[in-house]
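Reviewing the structure listed below.
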Amino acid sequence: MPVRLLNTASRSIEEFAPLDPEGRRVKMYTCGPTVYNYAHIGNFRAYIFEDLLQRHLEARGYEVDRVMNLTDVDDKTISGCRHHGVPLADYTQTFKTAFFEDIKTLRIKPASHYPAATAPEYIARMIEMIQGLEAADIAYKAEDGSLYFRISRFPRYGQLAHLNLDELRPSGRISSDEYEKEAVGDFALWKAWTPGDGDVWWESPWGRGRPGWHIECSAMATALLGPQLDIHCGGVDNIFPHHEAEIAQSECFTGKHFSRYWLHCAHLMVEGQKMSKSLGNFYTLRDLLAKGYTGREIRYVLLSVHYRLPLNFTIAGLDAARTALGRIDAWVERLQTLASGCAPAQQEGAAQAKEGFLQALDDDLNISAALGNLFDWIRESNRAMDSGGVSPAEAAGTLAEFQVLNSILEMDAESTTVPAAVLALVEERQAARAAKNWAQSDTLRDAIAEAGWQVKDTKQGAQLTRL
RNA sequence: GGCGGGGUCGCCAAGUGGUAAGGCCGAGCUCUGCAAAAGCUCUACCGCGGGUUCGAUUCCCGCCCCCGCCUCCA
C-alpha cells in the first residue's frame, strides 16, 4: 500500500510517488531554524514531524535526500549580534552549535545538508536568481535600492494559502518603510543596506545589502536539490507568505513546478495556551532537560500527536510519556533476557503487528493508530510470555520486528551506566534475599534508592531503573 | 471580514452509517517475602439543536466554543 499524505497544495490526501524515475530517491526540503536564539519546542515539533516523515519513507524503501537550511541572516540575527556587539557569524554560531546538540538529544536524524544562508555560494546563488528575475522584469528596484518581487507577474501567488489577495485585510503589520513598493504584497528579494545593519552586508549588482528571507530558501533548495522538489515541509505559519514567495521566485526563475507535495505541521500550545514568553510557558529544549526530562521523553510527546493537529504540550504529558516509555522498556528488556542472543525465528504475529504499525503511518502518518498497534502488540506479547509459551528464538524474532518500528520511533532507553557502588549494593541485596534476610534486603533497597536507583525483582532477576 | 484546523472517558488521543483503538491516571484481582514490574477485569452514549436514514458520534443544515494564518512567527 502506498504512502498517502495530505498535500496542502491540493488540500487532499494524495498517494506519494517521487519524481525519480526509479521511484526511490526523494528530494525533501525542510525550513530550518533562524539561529538568533535557542530553538523552542514548537520548532522541534516541526523537526520531529519531518523526522518521522523521513524515517517512515525510509522504512518503506525510499532514499531521502533532505536539506534543512539555517537562516543565519535576517532582522533578528542582525539585531541580536548588534545588541551583543559581536560579529554576526560569532553570534549565530552559538545557536547553530546549540541547534545541532538539540536535534541529537531529540534523536532527529541529521539531514543530508544544512546550508547556511550566508555561505558565499548561496549568497551568489541568491544574487543570480534575483538577476534572473530582474531580467524578466519580475523583480524591480525601488527607490531605497531594495529589490522587490512584483507579484502581479505571478498570478498564482496566493494559491497555496487559498488567499484572495484582493481581499487581504490591512493588518497594520506592514512597516511604513516599505512604502517604496509598487504593491503592498510585493516582497523583498534583496534589502539595501541601512545603518541598522551595521557591518552586515554583501556586495551585489544593486549595491551593498542582504538577501530577503524568502529568496534564501529558494536559492538553497534549488542549488542542492535542483529545480524540482518532491516534498517541502514547514510549519503552517510558513504557508503564507514564505512558501508562497518561494514558489513564486523559484518557478519564475527555473520555469519548473517547484515542489510536488507541501506538508505543514500544526502549532503546539503549552498547558492549553499559546506558548509565549509573557505567559511563562515558553520552553526551549534546554529548559525541559533542566527539569529532568530526557530527550526521548520529549521526543515521544512531540511525536505522539498527529502532525496536523494542534498539540497541547504539558508537563503531565511528559510524565505520562515517561511511564509509557517505561512500559516499552520493560517489554524490550524482558524479550532481550528471554532471547539471550538466540537466532531469531520468524514470528507471524510480530510481523503482522509491525505491518499494522507501518500501514497506520502510510495513512498520512497516523502515529496515534500506529502507537495503538504497538501497545496492543506489547500486551499480547507480554501475555504470551506470562504463560511461558515463548521460546528464546521467538523472543528474538519479536525483537527483530520491533527493531523495524524502532528505526522510526528511536525509543531505545537512554544508555545508563550503573555506578559500581550501586551494583555492589544490588549484589549484596541479592545475597540477603537468597538468605531470606528481608530486613537487610529492604535496608539495601533503601540505600540503592538513596543512590538514585530503583531495584525491581523480576522473574528474570533484579533490574535497575533510574529514579 | 476572508481562509484553515479543532471540540470523543479526569488528562492525551484513534476511529467508524449499525451501538466507541491505544496511552496516562484511578479501582479490584493474580503473581510477589514486601515493593515494583507484568497480566487480567472495570471506567465514555462522542460540543448543542434540527434533518436524512431502519439506524449517526460518523452524512447534511444551523448554532456555540477553542486555536491558527491574513506579508518576513515551526
Side-chain angles (χ1 to χ4, degrees), chain A residues 8 11 30-34 39-50 71 74-76 151 158 161-171 173-175 178 181 184-188 191 212-214 216 233-242 244-245 264-269 272-275 300-301 304-306 308-314 316-317 319-331 333-334 360 363 366-376 378-379 382-387 433 436-439 441-442 445 454-460 463 465:
Chain A
T8 304
R11 307 282 160 138
T30 51
C31 285
T34 299
H40 57 70
I41 52 169
N43 297 309
F44 289 120
R45 197 238 173 144
Y47 306 147
I48 283 184
F49 141 64
E50 291 152 2
T71 298
D74 80 322
D75 291 349
K76 284 178 295 198
I151 61 169
H162 288 199
L163 282 179
N164 181 339
L165 296 173
D166 299 332
E167 292 174 2
L168 282 188
R169 184 189 228 188
S171 72
R173 286 178 63 185
I174 300 160
S175 68
E178 289 182 334
K181 295 191 292 187
V184 73
D186 290 351
F187 54 87
K191 295 182 154 192
W213 178 43
H214 308 309
E216 294 181 11
C233 299
V236 283
D237 53 298
N238 277 158
I239 297 174
F240 192 90
H242 184 53
E244 208 73 70
H264 293 96
C265 155
H267 278 195
L268 64 68
M269 300 201 292
Q273 289 183 293
K274 183 175 182 176
M275 182 166 68
Y300 184 90
V301 170
S304 60
V305 174
H306 185 84
R308 285 191 285 108
L309 255 36
L311 185 159
N312 185 19
F313 188 90
T314 63
D319 291 332
R322 176 171 291 180
T323 314
L325 285 166
R327 180 123 172 262
I328 298 172
D329 293 344
W331 174 63
E333 279 172 27
R334 194 175 176 187
D363 181 17
N366 189 340
I367 188 67
S368 299
L371 288 173
N373 273 313
L374 172 60
F375 282 103
D376 283 339
I378 289 175
R379 187 186 308 105
N382 270 323
R383 200 182 298 166
M385 286 190 281
D386 278 355
S387 67
R433 294 186 72 234
K436 296 198 188 297
N437 185 346
W438 308 127
S441 166
D442 291 348
R445 180 159 58 200
Q454 182 187 35
V455 62
K456 289 179 276 196
D457 301 314
T458 69
K459 281 171 185 156
Q460 288 84 31
Q463 281 185 356
T465 49

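All values below were derived from every heavy atom in this structure, side-chain atoms included, with hydrogens, water molecules and symmetry-related copies excluded. Labels below follow one simple rule: chain letters A, B, ... track the order of the sequence lines, proteins then strands, and each chain is numbered from 1.
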Q | Beyond-backbone contact of A:K76 with A:T71, side-chain heavy atoms, under 4.5 angstrom | A |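 No. Closest side-chain heavy atoms not under 4.5 Å.
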Q: Quote, to the nearest angstrom, the C1' distance that separates B:U43 from B:G22.
A: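 Per the computed distance, 15 Å lies between those C1' atoms.
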Q) Can you tell me how far P in B:G47 sits from the matching atom in B:U53, rounded to whole Å? A)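 After rounding to an integer number of Å, I get 23 Å for this pair.
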Mind checking if [X] touches a base, just sugar-phosphate, or nothing, with heavy atoms under 4.0 Å?
X      : result
A:L311 : nothing
A:R11  : sugar-phosphate
A:H306 : sugar-phosphate
A:N312 : sugar-phosphate
A:G42  : base
A:D75  : nothing
A:H162 : sugar-phosphate
A:R308 : sugar-phosphate

Q. Parallel, tilted or perpendicular for A:H242 and A:W213, by the 30°/60° rule?
A.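 Because their plane-to-plane angle is under 30°, the rings of A:H242 and A:W213 count as parallel.
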Q. For B:G39, does OP1 or OP2 lie under 4.0 Å from any side-chain N or O of A:N382?
A.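 Yes, within the criterion.
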Taking only N/O atoms, report every protein-nucleotides 42-45 of chain B pair under 3.5 Å with atom names and distance.
none

Q) Is A:K191 side chain donor-acceptor paired with the B:C72 base, going by distance under 3.5 Å alone? A)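 It does, because a donor-acceptor pair links the side chain of A:K191 to the base of B:C72 below 3.5 Å.
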Q | Nearest-nucleotide 5' precedence on RNA chain B, A:R383 against A:R45 | A |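 Upstream on the strand: A:R383.
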**Q.** Residue whose nearest RNA chain B nucleotide is more 5′ - A:G272 or A:F44
**A.**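 Going by which nucleotide is closer to the 5' end, it is A:G272.
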Q: Starting from P on B:C72, measure out to NE2 on A:H242 and report it in whole angstrom.
A: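 That distance rounds to 13 Å.
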Got a list of protein N/O to nucleotides 20-26 of chain B N/O distances below 3.5 Å?
residue	atom	partner	partner atom	Å
B:A21	N1	A:S368	O	3.4
B:G23	OP1	A:R327	NH1	3.2
B:G23	OP1	A:R327	NH2	3.4
B:G23	OP1	A:R379	NH2	3.1

Q.
Under the rule for side chain to side chain contact (heavy atoms under 4.5 Å, CB included), what residues qualify as partners of A:N437, not counting sequence neighbours?
A.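 Partners of A:N437 by the side chain to side chain contact (heavy atoms under 4.5 Å, CB included) criterion, ordered by chain and then number, come out as A:A432, A:A439, A:Q440.
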**Q.** Any donor-acceptor N/O pair, A:D363 side chain to A:N366 backbone, under 3.5 Å
**A.**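 Answer holds: no.
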